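Per chain, numbering begins at 1; letters A, B, ... match sequence-line order. On a predicted model such as this, the values are computed, not experimentally measured, just so you know.
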There are 2 protein chains.
Amino acid sequence: MKQRLAAIGTVEALPHRVAAFLSREIESGELNPGTRLPTEQQLSEKFGVSRNVVREAIAQLRADGMIEARQGVGVFVLAPEQRASIRIDGEALKATGNMERLFELRCILEAESAALAAERRGQEHLDAIKAALDRMSGEERWEEGSIDADLLFHREIARATGNNYIHTFISFVCEQIRRSIHYARLTNPLHDLVEVNVGEHVRIYEALVAGDPTAAEAAMRAHIVGAAERVGVKLPASRAAHSTGR
Amino acid sequence: MKQRLAAIGTVEALPHRVAAFLSREIESGELNPGTRLPTEQQLSEKFGVSRNVVREAIAQLRADGMIEARQGVGVFVLAPEQRASIRIDGEALKATGNMERLFELRCILEAESAALAAERRGQEHLDAIKAALDRMSGEERWEEGSIDADLLFHREIARATGNNYIHTFISFVCEQIRRSIHYARLTNPLHDLVEVNVGEHVRIYEALVAGDPTAAEAAMRAHIVGAAERVGVKLPASRAAHSTGR
DNA sequence: TTATACATATCATCCTACAACTGCGCCGGA
DNA sequence: TCCGGCGCAGTTGTAGGATGATATGTATAA
């Protein structure tokens, strides 16, 4: 039985499509943990691809810890708790495509990140943050380079928390933001208020230098609300104004 | 030029070993972002394996967003910030201090999540949360089933925020937590204080029913600090006590 | 009944060949 | 000299067969 893999116009690689198909089947619960997948032979016939392609697809799923292959026996679906690694990919988030929600998450993460950074930052962190700030200020308009510098500024703050998980998460969110910005530019003209943007960053930086968690958090919240508005997103007020004083 | 892959006693699959080798080279900075990897042919000769094995290794790295393959050109190293996915593997949790950092991240996400959920939850959300709570209470000891119910409780709260990004992130962290619990159980005996744990959850639930964001956030922070302590992790006090009153 | 040997199924690896794509240089014409 | 088309070499992508390694079930013999 041959089965067409979503015949989109895209030239996406075959292994990726097979992996995505199996992945959906597993996530949706059609294939319960513990069940055995069809053999490589059967899968290659089912999808109309070579076994080689199937093997690469399985390699991807196995790298994600979603399945386990036992030589001479078969390939089995793993339960979430016995997975060796976990992954979030950008595609999963793009589906909702809701910039407002993305900024909301960003606000949560970065506000706390700023507060933690204010308490824990060392001189080297301040230097790195300052360097990013300077790069940002040098730009005339809000171009690609200044977006880079902007996001670097935020990543450096995350790094200053000393918590690698926070750093990883914020880096990830920043990349999503970058893509959203690209998209937003196409739909509605951005207000290139460079000086406003830089001013907000300066206030965050000053709070970090002062080692004042409360001020850093407040400045960060204000900045993200502002940044959201500049790309045409309005955050719910209740959360935006949340816990600025503790 | 043949090169021996770390000849550990383990019978780990060849593709995994190749992927690990390349991964280390990239992480350590020996291969800068933008540089081209040797061709599949060269790699297969270098490692003394077939090209097929090399391809599977590359497939894994590509799934991690670490490299990018362009047909007819070559395979290139991607910069960390342009990776399309984030991944954390279980081994990393065993490093000292990682669990503490993980709980710190969890505290940030879940505290805000609880506050948002208190504002936005509908009746269906409350029902789902209550169902998880009941399942948890039914258990005598802190067994696998109650851990499932516990994490489900938290995921349902995340879902009640109506923000899919938050839900995805918290689900991700929850899986890490599950694993850290498994690991903690092996090293030090857990205090099976079921009633304490359930009590903390009840207080969160009540705050959600009441629609009180402040109380929900406080209850969640108290719970996570308590949960961390029960697996032998002490969160920094400054953050644990943060902004419980706003 | 039990234990050993065999047959089978399946994944793991290797191999060769070809297709698809890219970049670059060669070559002919204006 | 300049320029554009065209083919060639190199690289990844896909196909398919062959063989080795390993686990599982089965049949046979003691």
Would you kindly give the [atom1]-to-[atom2] distance between [X] and [N], to the nearest whole Å?
X: A:F47; N: D:dT14; atom1: CZ; atom2: P; result: 14 Å
X: B:E68; N: D:dT11; atom1: CD; atom2: P; result: 18 Å
X: B:I67; N: D:dT11; atom1: CD1; atom2: C1'; result: 14 Å
X: B:H16; N: C:dT13; atom1: NE2; atom2: C1'; result: 17 Å
X: B:N52; N: D:dT19; atom1: CG; atom2: C1'; result: 14 Å

(message) Here's a test for you: under ring pair (Phe, Tyr, Trp, His ring centres under 6.0 Å), which of A:F169, A:Y165, A:F172 qualifies with B:F172?
(response) A:F169
(request) Assess the side chains of B:T39 and B:Q41: does a donor N or O sit below 3.5 Å from an acceptor N or O? (result) no
(message) Taking B:E156 first and then B:R159, would you say they form a salt bridge - that is, a charged N and a carboxylate O separated by under 4.0 Å?
(response) yes
(request) Report yes if a side-chain nitrogen or oxygen of A:S50 is closer than 4.0 Å to either non-bridging phosphate oxygen (OP1 or OP2) of D:dT14; otherwise report no. (result) no
(message) For A:L61 versus A:A19, what's the shortest heavy-atom pair and its separation?
(response) CD2-O, 3.8 Å
(message) Is the shortest side-chain heavy-atom distance between A:D64 and A:Q60 below 4.5 Å?
(response) no
(message) Generate the contact string for nucleotides 7-12 of chain C. Rules: B means base contact, S means sugar-phosphate contact only, - means no protein heavy atom under 4.0 Å.
(response) --BBBB
(message) Parallel, tilted or perpendicular, judged at 30° and 60°: which one describes the rings of A:H223 and A:H154?
(response) parallel
